[in-house]
Amino acid sequence: MLDSSEVTVTADGRRIGGVLMDIRNITLRFGGVVAIRDTSFDIREGEIRAIIGPNGAGKSSMLNVISGFYHPQEGEIWFRGEKRPPMKPYQVARQGIARTFQNIALFEGMSVLDNIMTGRLTHMKTGLAAQAIWWGRAEAEEVANREVVERVIDFLEIQHIRKTPVGRLPYGLKKRVELARALAAEPKLLLLDEPMAGMNVEEKEDMSRFILDVNDEFGTTIALIEHDMGVVMDLSDRVVVMDYGKKIGDGTPDEVRNNQDVIDAYLGVAHD
Ligand SMILES: Nc1ncnc2c1ncn2[C@@H]1O[C@H](COP(=O)(O)OP(=O)(O)O)[C@@H](O)[C@H]1O
Ligand SMILES: [Mg+2]
C-alpha cells in the first residue's frame, strides 16, 4: 500500500502526492453481465493515470462509476480521504471531478463558447430567483465565469473557432472543445475516456501536449482511457490494466509492459 503522506518526484520533476481517490473492490453488474469485478486501484494527487485493456474490459464502466453515472453493487470510493456516499453525476461534478465521453457529448447547434460555458454550471450558485433579486451578485458571477472560460479558450488555442457551431467542426477539434468544457469546471480530477480515439497522428500529438500541459500548469490529476500504447507510455505515470472486468496489472508503464498477464491479454494481441 502507498503511504498517503508520500510525495514522489518524477524524472521530469513533477510532484506526485498522496492518494486522491481510492477505488476499493468495485463490482458492477448489468443483469447477468459483470462489467467490473472486485477491482481496486488508487489515483494519486497530480499524477496521470492510464486505464488500458481490450474492448469490453470495463474501462468506461469504471469512469462511469467514478463520475456517478453508474452505481456499483459492491465496493467503495474514497475521495480526499472520505468515503463517498452514492452520488448523482452533478454531485460528483461539484466535488471537483469533470469528464469527457468516449462518444463526444456536446451541443452541436451551439457555439464553441456556449458549449464551454456549460462547463461552468456546477459553479453557478445563483439560481433564477436569486438572479432576479441579487442581480449584482449574479452579474459578478457571470464575469468570473467568463474569465475562466476565456483562459481555457486561450490555453487550448481555440480562439479562432469560439463562435463556430460545434456541429461544423472536424472531429479532432470537437474532442478539444469537449476537453475545454471539462476544464472550464476547474476540476481537481479530470477523467478522459479515449481522448485520442479516431484522431490522426498530428491531432494525437496536439492532444497529448494539451493533456501534459493541463497536468503541468494546473496540477490537475488525470485519469484517462487510451488504446494507443505509445501515447500511454509517454503520458502516464502509472497504468491500470483491465480485462473481462478485472484488474490484471497495475504499475509504471515499464512494469506493465513487462507483465506477462498483460502481454497475454492485451499487449501481445492486435487491437486498436
Ligand atoms: N449501460 C450498460 N448496460 C448494459 N451493459 C453494459 C452497460 N455499459 C457497459 N455494459 C457492458 O459492460 C461491459 C464493459 O463495457 P465497457 O465498460 O464499455 O468496456 P470498455 O470501455 O473497456 O470497452 C461490456 O460487456 C458492456 O457491454
Ligand atoms: Mg470504453
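Remember, it's a predicted structure, so these values are computed and weren't measured experimentally. We're numbering straight along the sequence, starting at 1. Ligands are counted one by one from 1 in listed order, and the atoms in each one are counted from 1 as well.
Protein heavy atom at the shortest distance from atom 4 (C) of ligand 1 is F30 CG, 3.4 Å. In terms of protein heavy-atom proximity, atom 1 (N) of ligand 1 is nearest to Y70 OH, 3.1 Å.
Stacking of R99 on the aromatic ring of F69 is recorded, both the 6.0 Å distance cut-off and the 45° axial limit being met.
Distance screen at 4.0 Å: atom 9 (C) of ligand 1 has a protein heavy-atom neighbour inside the cut-off. When distances from atom 19 (O) of ligand 1 to the protein are checked, a heavy atom turns up under 4.0 Å.
Hydrophobic clustering places I97 together with L20 (ILVMFWY residues linked when any side-chain heavy atoms are closer than 4.5 Å, directly or through intermediates).
Distances from atom 16 (P) of ligand 1 to the heavy atoms of G245, G32, S61 show the closest one on S61.
A side chain to side chain contact (heavy atoms under 4.5 Å, CB included) with I116 is found for exactly one of L183, I158, V166, namely I158.
Annotation: V33 places no N or O atom under 3.5 Å from an N or O atom of ligand 1; distance criterion only. Checked by distance only, ligand 1 and Q102 stay at 3.5 Å or farther apart across all their nitrogen or oxygen atoms. When only interatomic distances are considered, the shortest N/O to N/O separation between A35 and ligand 1 does not fall below 3.5 Å. Looking at G56 next to ligand 1, an N or O pair under 3.5 Å apart turns up.
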Apply side-chain hydrogen bond (donor to acceptor under 3.5 Å, both in side chains) to residues Q260 and D264 and explain how you reach the verdict. CA-CA 6 Å; Q260 194 58 46; D264 292 344; 2.9 Å; yes
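The residues R151 and D154 are annotated as not salt-bridged, no charged nitrogen and carboxylate oxygen being separated by less than 4.0 angstrom.
By the criterion of a separation under 2.8 Å, the protein N/O/S atoms near the Mg ion (ligand 2) amount to S60 OG, Q102 OE1.
The closest approach between a heavy atom of G58 and any atom of ligand 1 is below 4.0 Å.
Between Y70 and F30, the two ring planes are perpendicular [angle over 60°; tilted spans 30° to 60°].
Around OH of Y244, the count of heavy atoms belonging to other residues, nucleotides or ligands within 6.0 Å does not exceed 12.
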